[in-house]
Amino acid sequence: MGKSPQDVLRQIKDEGIELIDLKFTDIHGKWQHLTVTSDMVDENSFKEGLAFDGSSIRGWKAINESDMSMVPDSSTAWVDPFYRHKTLSLICSIQEPRSGEAYSRCPRSLAQKALAYLSNTGLADSAYFGPEPEFFIFDDVRYDSKEGTSFYSVDTIEAPWNTGRAEEGGNLAYKIQYKEGYFPVSPNDTAQDLRSEMLLLIGELGIPIEKHHHEVAGPGQHELGMKFASLISAADNVMTYKYVVRNIAKKYGKTATFMPKPVWNDNGTGMHVHQSLWKDGQPMFYGEGTYANLSQTAKWYIGGILKHAPSFLAFTNPTTNSYKRLVPGFEAPVNLVYSQGNRSAAVRIPLTGPSPKAKRLEFRSGDALANPYLAFSAMMMAGIDGIKNQIDPGDGVDVDLFELPEDELSKIATVPSSLNNALEALKADNDYLTAGGVFDHDFINNFIEMKYEEVQQLRQRPHPHEFFMYYDA
């Protein structure tokens, strides 16, 4: 069990904590924070929250109705390891101070509504998610975009393009070649100690940890492994994970990014998400003797995932850069089918052995720039819709989809090829999200408007590679 408000107040007093850092997640999936003195937090704060101005948060309140309240969740308390002065961190949900109701554009509050809806359906009472965010670590990152200039540059000592570079003390080689990052030992893998520190620290902050390793892309791609948790806790864990990764990288004089495709011609970064439903303490996805030992409930859930994926990719893959990863040839699962153990399918059923409790599905197309509260809620809502309407996902596909002949591959549905296409799909298919008032139309329309502005920004700017293709055409 997590800490109660009384536990937190006792910790503040016993440890002489003078500062409280209140963190919340905006629509884009970034943490925002406000630090207050400890005397501003009492037992009532955990019910009514602490007031702040929400008008400057992107996509939130207008200035004439900007008062909002941050309501801290006592179970999320940990001492922030990156501040000089001892500061207790608390993750918050946002509520309307006048009515006391959850703010409809707060992602964490929305996820709480999604769980309440799941319970109200009677189909299940618990949803577990196991996210696997990947990331790149670079030694140097530079970029600019102006009227007469546009460029980016990323670099790492591991990169295969640096075999001929003059380096201080001499170039010792040991670069990791393209697609060969899974998983060489030191000295090719230069980030062992850095990843160990990241993993152990997130464990100290209360996240159940498993492993860490270099990922497939040669130029500095990595992953830390954490165990599954309930939907809200899993999303909280992703936010903490990203916070630790970025700050430990900075401590080592490096920089970390969760951009899906920061490097051309090598694998991109995803966030595979394992998920399952339970009821009365029993797993609902296990069915003995069936394909991949899947229950009928699990198959219907998969049917909902595959049907609505083009729509909810707006939440699981919410950037223009996301779709530069979702192309054939780089292990990105673009085909909307399911398979037991086949990593080329959008939905994989991990081979988990005989334990019914381990039976789950893994959605592999999403990426780590997703707001986890929105992404997990949207996937669960799609799965619930699949169960309610008994959507048949068809048969599992066990062939390597990357090697399938073109005429057979053309018969298989694929994910959208751009953020704009995903937003159009979301416009056309969102009834499953608005069921039970979980996502309301205000939230969806506001989200589409914000993301369409990103699409327009990229559309209007020349790309550096267009000069290679067209300058002297």
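- Glu210 and Lys227 are not joined by a salt bridge, as no carboxylate oxygen comes within less than 4.0 angstrom of a charged side-chain nitrogen.
- Aromatic rings from Trp60 and Tyr103 are positioned such that their centres are separated by under 6.0 Å.
- The cationic atom of Lys242 (NZ for Lys, CZ for Arg) lies less than 6.0 Å from the six-membered ring centre of Phe258 and within 45° of the ring axis.
- In this structure, Glu454 and Thr320 approach most closely via the heavy-atom pair O-CG2, 4.1 Å.
- In this structure, the ring of Tyr432 has its center no less than 6.0 angstrom from the ring center of Phe312.
- Residue Ile349 holds its CD1 atom at 10.5 Å from NE2 of His274, rounded to the nearest 0.5 Å.
- In this structure, Tyr323 and Ala314 approach most closely via the heavy-atom pair OH-N, 4.3 Å.
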- Message: One pair to check against salt bridge (Lys or Arg N to Asp or Glu O under 4.0 Å): Lys146 and Asp144. What are the steps and the verdict?
- Response: CA-CA 7 Å; Lys146 300 176 182 176; Asp144 206 348; 3.3 Å; yes
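- Using cut-offs of 30° and 60° for the angle between ring planes, the Phe135 and Tyr241 rings count as perpendicular.
- A donor-acceptor contact shorter than 3.5 Å is absent between the side chain of Lys451 and the backbone of Leu419.
- Between atom NE2 of residue His212 and atom OG of residue Ser196 there is a gap of 3.0 Å, rounded to the nearest 0.5 Å.
- A side-chain hydrogen bond (donor to acceptor under 3.5 Å, both in side chains) with Arg108 holds for exactly one of Asn371, Thr25, Asp73; it is Asp73.
- Contact of the Arg325 side chain with the Asn317 side chain is registered, since non-hydrogen atoms from C-beta on lie closer than 4.5 Å.
- Tyr243 and Trp31 have their aromatic ring centers within a separation under 6.0 angstrom.
- Proximity of the aromatic rings of Phe151 and Tyr143 is defined here by a centroid distance below 6.0 angstrom, and this criterion is not met.
- Atom OG1 of Thr190 is separated from atom CD of Glu158 by 3.5 Å, given to the nearest 0.5 angstrom.
- Shown here is Phe82, whose CZ atom has more than 12 heavy atoms of other residues, nucleotides or ligands within 6.0 Å.
- Pairing each heavy atom of Ile202 with each of Leu199, the nearest pair is CG1-O, 3.1 Å.
- The number of heavy-atom neighbours closer than 6.0 Å to CD of Glu167, taken from other residues, nucleotides and ligands shown, is above 12.
- Taking the ring centroids of Phe52 and Phe24, they lie under the 6.0 Å cut-off.
- With Arg105 as reference, Asp442 is the one residue of Asp442, Asp26, Asp440 to meet the salt bridge (charged side-chain N to carboxylate O under 4.0 Å, His left out) rule.
- A centroid separation of 6.0 Å or more is found between the aromatic rings of Phe129 and Phe363.
- Distance check, rounded to the nearest 0.5 Å: CD of Gln112 to CG of Leu231 gives 10.0 Å.
- The side-chain hydrogen bond (donor to acceptor under 3.5 Å, both in side chains) test applied to Lys411 returns no partner, not counting sequence neighbours.
- Taking the six-membered ring where the residue is Trp, Tyr178 and Trp161 present tilted rings, their angle falling between 30° and 60°.
- In this view, Tyr152 satisfies the ring-ring contact (aromatic ring centres under 6.0 Å, His included) rule with no residue, not counting sequence neighbours.
- The two residues Ser377 and Ala114 make their nearest non-hydrogen contact at OG-CB, 3.8 Å.
- The shortest non-hydrogen separation linking Ala309 to Leu336 is CB-CD2, 3.7 Å.
- Considering only residues two or more places apart in sequence or on other chains, Asp139 meets the side-chain contact (heavy atoms from CB on, under 4.5 Å) condition with Thr156, Ile157, Lys254.
- Taking the centre of each ring, Phe183 and His213 come in below the 6.0 Å mark.
- Inspection of the Asp189 and His214 side chains reveals no N or O donor paired with an N or O acceptor under 3.5 Å.
- Ring geometry for Phe443 versus Phe447: interplanar angle under 30°, hence parallel rather than tilted (30 to 60°).
- Taking the six-membered ring for Trp and the full ring otherwise, the centers of Phe315 and Phe439 sit less than 6.0 Å from each other.
- What you find for Ser365 and Val415 is that their closest heavy atoms are OG-CG1, 4.1 Å.
- Contact of the Lys357 side chain with the Trp278 side chain is registered, since non-hydrogen atoms from C-beta on lie closer than 4.5 Å.
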